[in-house]
Amino acid sequence: MSTLTAPPSEARGARALAKRLSLHLDTLPTAAAVTIFIGMIVYGEAAYGRIVQFNTLSNLLINNAHLIILAVGLTFVILTGGIDLSVGAVIAFSSVAGVMLMNAGWDPWLAMGLMVLIGTAFGAASGVLIQYFHVQPFIATLAMMFLGRGLASILSTVPERLADDSPVRELGTQIKLYDGPKVNDVAITPGVIIAAVVVAAAFFVLHRTRTGRTVYAIGGSEQSAALMGLPVPATKMWVYIISGTLAGLAAVVYTARLGSAQNITGIGWELDAIAATVIGGTLLTGGAGFVLGSVVGALVLGLMNVLITRDGGIPPEATTIITGGILLVFVLLQRAVLARRRE
Amino acid sequence: MSANAHRPAEALKGLVRRQYFWGIVAIALLLLVNLIKDPGYLAFSIGSSGNLVGNVIDILRAAAPIILIAVGMCLVVATGGIDLSVGSVMVVAGAVSMEFLSGAPDTVGSGLAAIGLVIAVSAALGAVNGVLVSVVGLQPFISTLVIMLAGRGLAKVITGGQNTAATNESFRWIANGYVLGLPVVFLLALLLALAMGFLVRRSALGLMLEAIGMDAKAARLAGVNRRALLFTVYILGGVLAGFAGVFATASVMTVDVSRTGYQLELDAILAVVIGGTSLAGGKFNITGAVVGAILIATLDKTVVFLGVSSSATPAFKAVVIVVLCLLQSERVRRAFRQRRAATARPAEREAVAA
């Protein structure tokens, strides 16, 4: 990270600029993500129109609130050099279980709390496997992914609809902040507010607390972090618990918006969340990255979906191919940057 | 220590070491359960055209695709990697072959051409994984995860989102035909597994793969061509998964883009782990993987036979994977060792006193 002091003098012109750039080399992917996001907006506006307007941009936030929450959770995990492949399946199990409980007469708020706690439980299970039994992160979370998907399928294989008068739906109702002409309003949902709070809290934890610095230190070198006396085992447990809990929270937000849950919800979302995190500039090997970058990454993916829908020429099935392609390109970019820095 | 004082215990330990022995025990137990439900479960009969017909034959037939992906996964896992894309390679292979055959004449030639096409496409997908892992140096699970999720999208793009069906008798024969009274699929799968086993165990190839899995750097210093080997292993895994896709689609001559091969990477990983291959890499056992695959097929059939909802099996399999991972972990092994040492200690003391 660029905690080093700024170059001594700005006056040296090109050389100083080059040095500054090389110092900030690890922000390059994030900068690239921001550039791509702006580029996509400009291209979309030019090619299809009606992109830079209040309701499109509000909808971008509303429709991707769950992805932002997931990406924040994965940022923690990936920063430590781990991975969490279970988030999509956790959402499936948590949302199906939650909706079924509510339909069975449970208090909706209690059920929502349980949905979040289901995520916490999955995260804790992965964390124990990884930290105390030294199972590789991707194996442990892969097992949790199959477990979550399997449990969701046991519960139900058809869409479970939320009752129309359920207070959960309120989390997905739009609140107009600014009443524009026709439908061109600035609107948010409580889901978006939740996502914003999550992002702010994650930013604070990662950049302003000891826990956050330990997360970065583990990603840099777990051994060194342990030798420095940092609480490595506890922190590693925490990142998986955070990731699981946020997956549970994302399940609440998504279910509230959609009004139904199904066992196939969230297939491939682990890829989306990993892609958002990596696009946002977090190193897949850990140790460097920004939580705000992950938000940009999530928005890039969301905007991509909007553009694909607007274009109409690309089959929606191709979305995962494109997401995968983008992820690979960014991983290659990271490799190049790392190789450059080592020189 | 008190090694020769406990002959029977020592023999038992040897059996425990051979982990796939427990796989065979589990298969026997499952068959026993079925036998209790229906005393005629294991019965064979000679079908109309001189073929063996029976539940066991069904199990062998269902085991064929799992055997193939398990063998491929086994080699990949030996290098310390993982291939999450096998299920998606299967569906792409199925989509390619069905899409090709639906427009081709019903001849042996077009059946063979479809298989050639499948080999080419699945080798290409395996090569993508291979390049990303060996040349780019990406973590295996990321590159294969991308293929796993993008592959299903690719299959949908190939068939236009449809579940394409086709007719080709020679292609269908692969899945439904019989040689010497046994299903062709099983014989083919066994043959391929044997060929793979011979290839890696009768040459230094297997050792080299294990060397990479144990310590990539040491392997390189010892002169193992890590890059080329990894590349080959992922291509092999891809081609085997492609064949598995042919097996899975040829029996019904339809590719189901959202269900063919779905979550079969779970079966492959489970088969490999049951067979005693460590997911940490560095050792593998192809015989074990084959036993594991047959066990999974037996389990699937048993669940259906007993009338248990088959939606519960993935969760159950995931739990088994977690348990096996725990058994492989150092902490649990140490706990077991300590307990064994604690029970052995009194005997030792007696020996010293004597």
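Quick note on labels: first sequence line is chain A, next is B, and so on, each numbered from 1. Just so it is clear, the model here is predicted, and its values are computed rather than measured.
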query = Are there more than 12 heavy atoms of other residues, nucleotides or ligands under 6.0 Å from atom CZ of B:Phe305?
reply = yes
ask   = From B:Asp267 CG over to A:Phe146 CZ, what is the distance, rounded to the nearest 0.5 angstrom?
value = 8.5 Å
task = Apply side-chain contact (heavy atoms from CB on, under 4.5 Å) to A:Leu147 and B:Val319, showing your working.
result = CA-CA 7 Å; A:Leu147 184 64; B:Val319 172; 3.6 Å; yes
task = Rounded to the nearest 0.5 Å, what's the gap from NZ on B:Lys156 to OG1 on A:Thr320? Could you check?
result = 7.5 Å
task = With a 4.5 angstrom heavy-atom cut-off, could you sort out which part of B:Leu270 is near chain A: side chain, backbone, both or neither?
result = neither
query = Do you know which of B:Thr313, B:Ile147, B:Leu266, B:Ile269 has the most heavy-atom pairs under 4.5 Å to chain A?
reply = B:Leu266
query = Where does A:Leu129 contact chain B at under 4.5 Å (heavy atoms): side chain, backbone, both or neither?
reply = side chain
note = Whatever's closer than 4.5 Å to a heavy atom in chain B on A:Ile139 counts as side chain
request  = Below 4.5 Å from any heavy atom of chain B, which atoms of A:Phe133 appear? Answer side chain, backbone, both or neither.
outcome  = both
key: Part of A:Ile264 lying under 4.5 Å from any heavy atom of chain B   = neither
task = Flag the pair A:Ile267 / B:Tyr262 as yes when at least one side-chain heavy-atom distance between them is below 4.5 Å, and no otherwise.
result = yes
Side-chain donor/acceptor of A:Arg335 to backbone N/O of B:Leu138, under 3.5 Å = no
Shortest non-hydrogen contact from A:Ile154 toward B:Ala315 = CD1-CB, 4.1 Å
query = Between atom CG of A:Leu85 and atom CD1 of B:Ile142, what is the distance when rounded to the nearest 0.5 Å?
reply = 7.0 Å
note = Of the listed B:Cys325, B:Ala318, B:Gly151, B:Ala155, the one with the largest count of heavy-atom pairs under 4.5 Å with chain A is B:Ala318
inquiry  = Could you tell me if the side chain of A:Ile274 sits less than 4.5 Å from the side chain of B:Leu145, heavy atoms only?
reply    = yes
key: Interatomic spacing from CD in B:Glu265 to CE in A:Met145 - rounded to 0.5 Å   = 6.5 Å
Pairs of heavy atoms under 4.5 Å with chain A: top-ranked of B:Leu279, B:Leu132, B:Val157, B:Ile321 = B:Leu279
task = Could you have a look at A:Leu284, A:Leu142, A:Val135, A:Leu151 and say which one has the most heavy-atom pairs with chain B under 4.5 angstrom?
result = A:Leu284
query = Checking A:Leu327 against chain B: side chain, backbone, both or neither under 4.5 Å from a heavy atom?
reply = side chain
query = CD of B:Gln162: more than 12 outside heavy atoms within 6.0 angstrom?
reply = no
